[in-house]
Structure formats: C-alpha cells, structure tokens
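Worksheet: one structure, shown below.
These numbers come from a predicted model, not from an experiment.
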Amino acid sequence: GVQTCALPISPSDGGIESYSASVSNGLIKHGETIVVLAPYFKDCISLDSKQPYAIIRSPSKLFLRELWMIVILPWLIKKYNVKRVFSTVWLPCGLITWLVTRFIKIPYFLSAHGSEILETQNLKSPFKHQIRKRLRLFKLLTFNNAKGIFAISNYTRQLVVSHGIPSEKV
C-alpha cells in the first residue's frame, strides 16, 4: 500500500537523516510505495532525483513549514490513497499527523529516538525549552494515539513506556 513518510531527508550524515533514508529505502525494498514529505534545503533536487521514492519538499521556514504540512498531508492522503503514515520525528511531523488523522481515519506510526522524551531537560535554548514544555500534552496525545511506535533501542523503549505509553504499542 501507499504510505506517506514525514522525514528529514538531507545530505547530512546526521543520525536522524541517515535513519530516515534507511527507513525509506527499507520500505521500498519490502514492496511499499511511499511518498516522503521533507523540508527543502539547498541542492535537494539533485538528491531527490536519485531516490527510489517521490519526495515532496516543504518550505524550510519555521511555522510556514508546519502550516504547509497541515494543508498538504490531507491532500496527499486523498490523492495517493495513503493507507498509513509513518513519522520519524514526533515534532512537527507526528503532531501534524495526529491532527490530520483526527479527521481522516487512517493509522499512523512514530519513531522514538529518546531525545523527544528527554528534550525538555536537554534543550539549551530557553525559547525552544518553553515551546516543548507547553507541547508536552500534545506529545503524549501523539504517542498514545499512534498505532505503533518504533523505538530505536531498548533504552528508548523504556523511556517511552515510563512516560505512560502502553508497552504493547512500543
């Protein structure tokens, strides 16, 4: 079935970028047809043309990117007859997916990396710290309403479960 993934895919060798590219390639190898939503960056067109899946790029500006995703995700779900959504990060992708699937009833799945559970303790920016702190309830709603959560390690799984997420989802 067709799947929409909301991922940060860029030429960076960072952990989340590598993870996102690996997930996308793994889904393709398992016969899935996917459409990827990812933020725009300089020279992304040359990277996108080499991928075995369609990548639809969002604006990279904060808040404009999120607004764009809120509008485009329902359209993609309808246009491509998407059966499920997989988000490799809870914010903004998972949160937006949770909002959209309140109206369009399809299952969604999340990745858990551990940092999203510890984020309010580890953020150095006071602005980001306040935003993430205020979004805690939405984070729990996003995780609790996911059909399944893919933790990247046993430690991460324990962190997710310790925050009240049912263990059978992780």
Side-chain angles (χ1 to χ4, degrees), residues 1-116 119 127-128 131-132 135 138-152 156 160 169:
V2 177
Q3 210 160 265
T4 299
C5 292
L7 327 156
I9 292 185
S10 72
S12 167
D13 289 331
I16 191 64
E17 291 84 0
S18 297
Y19 174 80
S20 298
S22 293
V23 166
S24 298
N25 288 319
L27 289 169
I28 290 292
K29 286 179 184 172
H30 280 54
E32 295 289 337
T33 302
I34 67 169
V35 178
V36 173
L37 299 181
Y40 179 85
F41 63 89
K42 187 179 177 204
D43 299 326
C44 65
I45 303 304
S46 62
L47 175 71
D48 294 357
S49 65
K50 298 173 188 166
Q51 304 309 315
Y53 41 81
I55 301 177
I56 298 174
R57 295 286 177 178
S58 72
S60 56
K61 297 272 188 217
L62 187 62
F63 301 120
L64 182 58
R65 173 187 62 207
E66 288 75 11
L67 179 61
W68 179 88
M69 286 182 71
I70 289 169
V71 171
I72 201 75
L73 187 56
W75 177 80
L76 284 174
I77 289 169
K78 294 296 184 193
K79 177 179 170 66
Y80 291 100
N81 194 26
V82 171
K83 302 295 183 207
R84 60 198 161 272
V85 178
F86 179 69
S87 295
T88 61
V89 292
W90 95 267
L91 188 66
C93 305
L95 177 59
I96 291 168
T97 300
W98 171 73
L99 290 170
V100 168
T101 58
R102 306 295 18 105
F103 304 100
I104 301 173
K105 303 294 184 190
I106 61 170
Y108 69 92
F109 300 83
L110 293 173
S111 286
H113 306 275
S115 59
E116 65 275 282
E119 67 193 354
F127 176 71
K128 285 183 179 180
I131 289 174
R132 300 288 176 131
L135 290 174
F138 291 105
K139 177 173 38 177
L140 288 175
L141 286 168
T142 301
F143 274 82
N144 273 314
N145 285 286
K147 177 83 171 166
I149 300 165
F150 297 90
I152 63 161
T156 300
V160 172
K169 284 191 178 211

* Asked: With a 4.5 Å limit on heavy-atom distance, are the side chains of Thr88 and Cys93 in contact?
  -> no
d(Leu95 CG, Lys139 NZ) to nearest 0.5 Å is 11.5 Å
Of all heavy-atom pairs linking Leu110 and Gly94, the shortest is CD2-CA, 3.7 Å
Shortest non-hydrogen pair, Ser87 vs Thr97, comes out as OG-OG1, 3.3 Å
Please report, to 0.1 Å, the donor-acceptor pairs under 3.5 Å made by any side chain of residues 141-148, with sequence neighbours excluded.
| residue | atom | partner | partner atom | Å |
| --- | --- | --- | --- | --- |
| Thr142 | OG1 | Phe138 | O | 2.7 |
| Asn144 | ND2 | Leu140 | O | 3.1 |
| Asn145 | ND2 | Leu141 | O | 2.8 |

Interatomic distance, CD1@Ile77 vs CD1@Ile106, rounded to 0.5 Å, equals 4.0 Å
So Phe150 and Phe86, would you call those rings parallel, tilted or perpendicular, with 30° and 60° as cut-offs? perpendicular
Output for pair (Ile55 CD1, Ser49 OG), nearest 0.5 Å, gives 9.0 Å
By side chain to side chain contact (heavy atoms under 4.5 Å, CB included), Leu67 pairs with (sequence neighbours left out) none
- prompt: Are any of the side-chain heavy atoms of Trp90 and His113 separated by less than 4.5 Å?
  reply: no
When every non-hydrogen atom of Ile28 is compared with those of Pro52, the smallest separation belongs to CD1-O, 3.7 Å
Interatomic distance, CZ@Arg57 vs CG@Asp48, rounded to 0.5 Å, equals 4.0 Å
The test is side chain to side chain donor-acceptor pair (under 3.5 Å); show your working for Tyr19 and Ser111 and say whether it passes.
CA-CA 10 Å; Tyr19 174 80; Ser111 286; 2.6 Å; yes
Could you check Leu37 against Ser58 for side-chain contact (heavy atoms from CB on, under 4.5 Å), going step by step and ending with a plain yes or no?
CA-CA 7 Å; Leu37 299 181; Ser58 72; over 6 Å; no
With heavy-atom distances below 4.5 Å as the criterion, would you say the side chains of Arg65 and Pro92 are in contact? yes
Exercise. Within the side chain of Glu66, is there an N or O that forms a donor-acceptor pair under 3.5 Å with the backbone of Leu62?
Worked result: no
In this structure, OH of Tyr108 is separated from CG of Leu73 (nearest 0.5 Å) by 12.0 Å
With sequence neighbours left out, the residues meeting ring-ring contact (aromatic ring centres under 6.0 Å, His included) with Tyr40 are none
Ile70 meets the side chain to side chain contact (heavy atoms under 4.5 Å, CB included) criterion, sequence neighbours left out, with Ile96
Contacts of Ile45 meeting side chain to side chain contact (heavy atoms under 4.5 Å, CB included) (sequence neighbours excluded), chain-then-number -> none
State, yes or no, whether a side-chain contact exists between Arg132 and Leu91 at a heavy-atom distance under 4.5 Å. yes
Minimum side-chain heavy-atom gap Leu27-Tyr53 below 4.5 Å: no
Sequence neighbours excluded, the answer for side-chain hydrogen bond (donor to acceptor under 3.5 Å, both in side chains) partners of Thr156 is Ser153
What do the steps show when you test Val35 against Val82 for side-chain contact (heavy atoms from CB on, under 4.5 Å), and what is the final call? CA-CA 9 Å; Val35 178; Val82 171; 5.9 Å; no
